[in-house]
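Worth knowing before you read on, the calculation uses all heavy atoms, side chains too, and leaves out hydrogens, waters and symmetry mates. One is the number of the first residue; the rest follow in order along the sequence.
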Amino acid sequence: MWIASLACVVHFEISNFKFRISNFQFQIISNLKFIRSSVPRSPVFHMRIIILNQFFHPDHSATSQLMTELAESLVERGVEVTALAGRGRYNGGQRLAPRDEHRGVRIERAWATSFGKRSTFGRISDYLSFYLGSFWKLLRLPRHDLVMALTTPPLIGLVALVVGRLRGMRVVMLVQDVYPDIAVALGTLSASNPVTRILDLIGRQTLKRSDRIIVLSRCMRDRIAAKVGEACLSRIDVIHNWADGSDIRPLAEGENNAFSEEQNLSGLFVVLFSGNLGLVNEFSTVLEAARLLRERRDIVFLFIGDGAKTTEIKRFSQRHNLTNVRLLPYQPRTQLRYSLAAGDALLVTLAAGLAGLSVPSKAYATMAAGRPLVFVGDPRSEIAGIIEENSCGAVIPSGDSDRLAAVILELESDRQRAKNLGEAARALFDARFERRHAVDAYAQSFAECMNTSISAEGCATHDAKADREAEANL
């Protein structure tokens with residue numbers, strides 16, 4: 001019944017707004033070469049969008065920061081953006097106000113518990129309460145043209161799909177992590193568990209019935225296509241995460257770094273990991289390399305952040321009495337440029353088996369900082385491919401601590417090579433991963449979504465032109 005209602009709503013929307021949508025497309029395409037500046041932008045197109053994610057400004061989690069930046073940039077282009085998030089924070093703590101405003105973005109916060117990620121009970125409670133709270137909020141908010149839902153928590157896309165169809169809004173799924181596959185790969189769920197099968201079924205159907213799917217890499221696109229069928233390729237857009245190159249940039253020659261001085265890092269070769277110390281990260285290889293290099297007093301391994309694997313790092317360091325491993329809490333975002341600049345080599349890690357299931361967003365900030373990327377994880381992952389294709393760092397397979405230690409020694413002994421790798425990383429960032437490139441791509445995807453209707457089967461057919469475009473992207 002709801003599918004039939006959807007068909008009627010979509011037909012009405014297309015008929016009523018056909019001329020307006022055509023203008024949207026023309027304006028989007030003509031502005032794809034847009035260059036950011038300090039001067040406010042003229043509106044590019046008019047659209048009302050809801051971004052549905054569990055966290056938003058002022059939370060410090062990766063998806064919160066990314067979606068906040070995307071919302072800000074869309075508002076500058078004339079889009080009306082409402083962010084729908086929970087009232088809790090990523091790591092728990094003080095609850096946020098039920099509504100707020102940030103740089104033109106309207107923020108609505110659904111009621112939900114705020115236990116954080118420290119316990120399984122707390123995480124499940126936060127998820128379930130957010131499902132209910134966001135469902136109610138979506139029903140009560142003014143109708144928007146489009147709702148984009150992220151994939152964390154795992155079933156939030158279903159909430160967006162159900163309410164979106166009831167209210168005649170287009171639905172976009174932004175796949176940051178592939179569930180439940182990632183939980184199976186990490187050993188949290190068993191592939192044969194009935195819960196896993198139910199989650200997988202719901203996830204597949206949600207993706208199939210959405211109007212558009214955005215993924216973070218080519219490898220992830222292949223994973224999603226395997227789930228929903230290759231006929232859906234014309235609806236899948238690959239848009240990389242990003243960083244803001246105006247906020248994060250290399251220090252000028254001779255520029256003082258107060259962070260390095262405060263932390264007594266001056267004169268040391270710093271191997272830095274900055275960000276969430278989460279389950280998707282691989283630290284055993286890094287810690288073993290630190291143990292191998294324990295006698296090098298001039299080399300220090302610095303971890304800035306917090307997360308599920310903080311205890312693992314502390315225990316390993318204590319067990320082996322490693323004085324070359326340091327842990328610092330999250331630093332203020334205003335200090336990010338300087339904390340990243342304190343690293344001579346920046347680590348990006350991904351647990352084994354997660355290629356195509358998750359993409360470390362910290363890689364883009366590393367490139368923006370103009371530092372060599374040292375990736376530890378599956379060589380088949382997108383970040384590993386980017387590094388090797390563009391000669392901006394090194395790729396170390398999980399478990400090869402000897403190789404990681406050797407690479408660190410090579411970079412420490414040849415500072416000019418390290419500098420060249422960092423400059424190559426920044427050049428690549430400017431060309432492909434600056435914030436404006438991602439915003440252009442999202443704007444294009446939204447415009448195409450507004451001119452797309454999905455059949456009852458989700459993705460039964462598409463025309464020959466879409467076939468050729470999909471093949472060209474493979």
Side-chain angles (χ1 to χ4, degrees), residues 217 240-255 257 259-260 265-275 281-283 285-286 289-290 292-293 296 298-304 324 336-350 359-398 400-434 437:
S217 69
H240 287 267
N241 281 337
W242 65 91
D244 192 326
S246 60
D247 287 341
I248 303 174
R249 60 190 187 279
L251 296 184
E253 192 72 31
E255 184 176 354
N257 189 342
F259 177 85
S260 291
L265 299 173
S266 300
L268 299 175
F269 187 87
V270 180
V271 183
L272 173 66
F273 182 95
S274 176
N281 297 119
E282 207 276 61
F283 293 122
T285 305
V286 177
L292 294 173
L293 297 174
R296 289 293 301 265
D298 56 335
I299 298 176
V300 62
F301 290 73
L302 175 61
F303 298 87
I304 301 177
N324 61 340
L336 183 59
R337 177 186 177 220
Y338 300 98
S339 62
L340 290 176
D344 297 286
L346 271 59
L347 290 167
V348 178
T349 73
L350 189 65
V359 179
S361 59
K362 63 176 57 62
Y364 306 99
T366 297
M367 286 185 256
R371 289 291 190 262
L373 282 79
V374 179
F375 175 82
V376 179
D378 193 330
R380 297 171 298 176
S381 70
E382 186 82 357
I383 299 301
I386 289 172
I387 292 172
E388 291 185 331
E389 291 167 10
N390 297 277
S391 300
C392 56
V395 175
I396 314 296
S398 296
D400 197 347
S401 301
D402 290 331
R403 176 59 185 154
L404 176 57
V407 166
I408 292 170
L409 290 174
E410 290 169 7
L411 293 174
E412 190 280 329
S413 63
D414 190 347
R415 298 300 181 97
Q416 185 59 47
R417 178 169 177 266
K419 181 180 179 182
N420 293 342
L421 291 173
E423 290 175 349
R426 177 66 198 203
L428 173 63
F429 170 82
D430 288 333
R432 293 181 56 190
F433 304 121
E434 169 59 80
H437 299 310

- Query: Are Tyr364 and Ile248 side-chain neighbours, meaning at least one heavy-atom pair lies under 4.5 Å?
  - Reply: no

- Task: State, to 0.1 Å, how close Ala363 and Ile383 come at their nearest heavy-atom pair, and which atoms those are.
- Result: CB-CD1, 3.7 Å

- Nearest heavy-atom neighbours spanning Arg296 and Leu409: NH1-CD2, 3.2 Å

- Please report the closest heavy-atom contact between Phe429 and Ala243, naming both atoms and the distance. CZ-O, 3.3 Å

- Message: Quick check: do Thr349 and Phe273 have side-chain heavy atoms less than 4.5 Å from each other?
- Response: yes

- Message: Return the CD to CZ distance between Glu255 and Arg337, rounded to the nearest 0.5 Å.
- Response: 4.0 Å

Let me have the donor-acceptor pairs involving side chains of residues 368-380, under 3.5 Å, with sequence neighbours excluded, atom names and distances please.
residue: Arg371; atom: NE; partner: Gly343; partner atom: O; Å: 2.5
residue: Arg371; atom: NH2; partner: Ala341; partner atom: O; Å: 2.8
residue: Asp378; atom: OD1; partner: Arg380; partner atom: N; Å: 2.9
residue: Asp378; atom: OD1; partner: Arg380; partner atom: NE; Å: 3.1
residue: Asp378; atom: OD2; partner: Arg380; partner atom: NE; Å: 3.2
residue: Asp378; atom: OD2; partner: Arg380; partner atom: NH2; Å: 2.7

- Check: Arg426 side chain, Glu423 main-chain N or O, donor-acceptor pair, under 3.5 Å: no

- Item | Interatomic distance, Leu347 atom CG to Ile408 atom CD1 [nearest 0.5 angstrom] | 6.5 Å

- Query: Out of Leu265, Asn324, Val271, which one pairs with Leu302 under the side chain to side chain contact (heavy atoms under 4.5 Å, CB included) rule?
  - Reply: Leu265

- For Ser339, which residues count as a side chain to side chain contact (heavy atoms under 4.5 Å, CB included) partner, sequence neighbours excluded? Phe259, Ile304, Leu336

- Item | Spacing of Asp414 atom CG and Lys419 atom NZ [to the nearest 0.5 Å] | 12.5 Å

- CZ of Phe283 to CZ of Phe303: how many Å apart, nearest 0.5 Å? 6.0 Å

What donor-acceptor contacts under 3.5 angstrom involve side-chain atoms of residues 384-392, with partners at least two apart or in another chain?
residue: Asn390; atom: ND2; partner: Ile386; partner atom: O; Å: 2.8

- Message: Students often mix this up, so state it plainly: with edges at 30° and 60°, are the rings of Phe433 and His240 parallel, tilted or perpendicular?
- Response: perpendicular

- Message: When you compare the side chain of Arg432 with that of Met367, does any pair of heavy atoms fall below 4.5 Å?
- Response: no

- Message: For a 4.5 angstrom cut-off between non-hydrogen side-chain atoms, does Lys362 reach Leu346?
- Response: no

- Message: Looking at every heavy atom in both Leu421 and Gly393, which two are closest together, and how far apart are they?
- Response: CD2-N, 3.8 Å

- Task: Rounded to the nearest 0.5 Å, what's the gap from CZ on Arg249 to CG on Asp244? Could you check?
- Result: 10.0 Å

- Message: Ignoring hydrogens, what is the shortest heavy-atom contact between Asn257 and Ala342? Give both atom names and the distance.
- Response: ND2-N, 3.7 Å

- For Arg417, does the CZ atom sit with more than 12 other heavy atoms under 6.0 Å from it, leaving out its own atoms? no

- Message: Determine whether a donor-acceptor pair (N or O, by modelled atom type, separation under 3.5 Å) exists between the side chain of Ser401 and the backbone of Thr285.
- Response: yes

- Answer yes or no: is there a side-chain heavy-atom contact under 4.5 Å between Phe301 and Ile299? yes

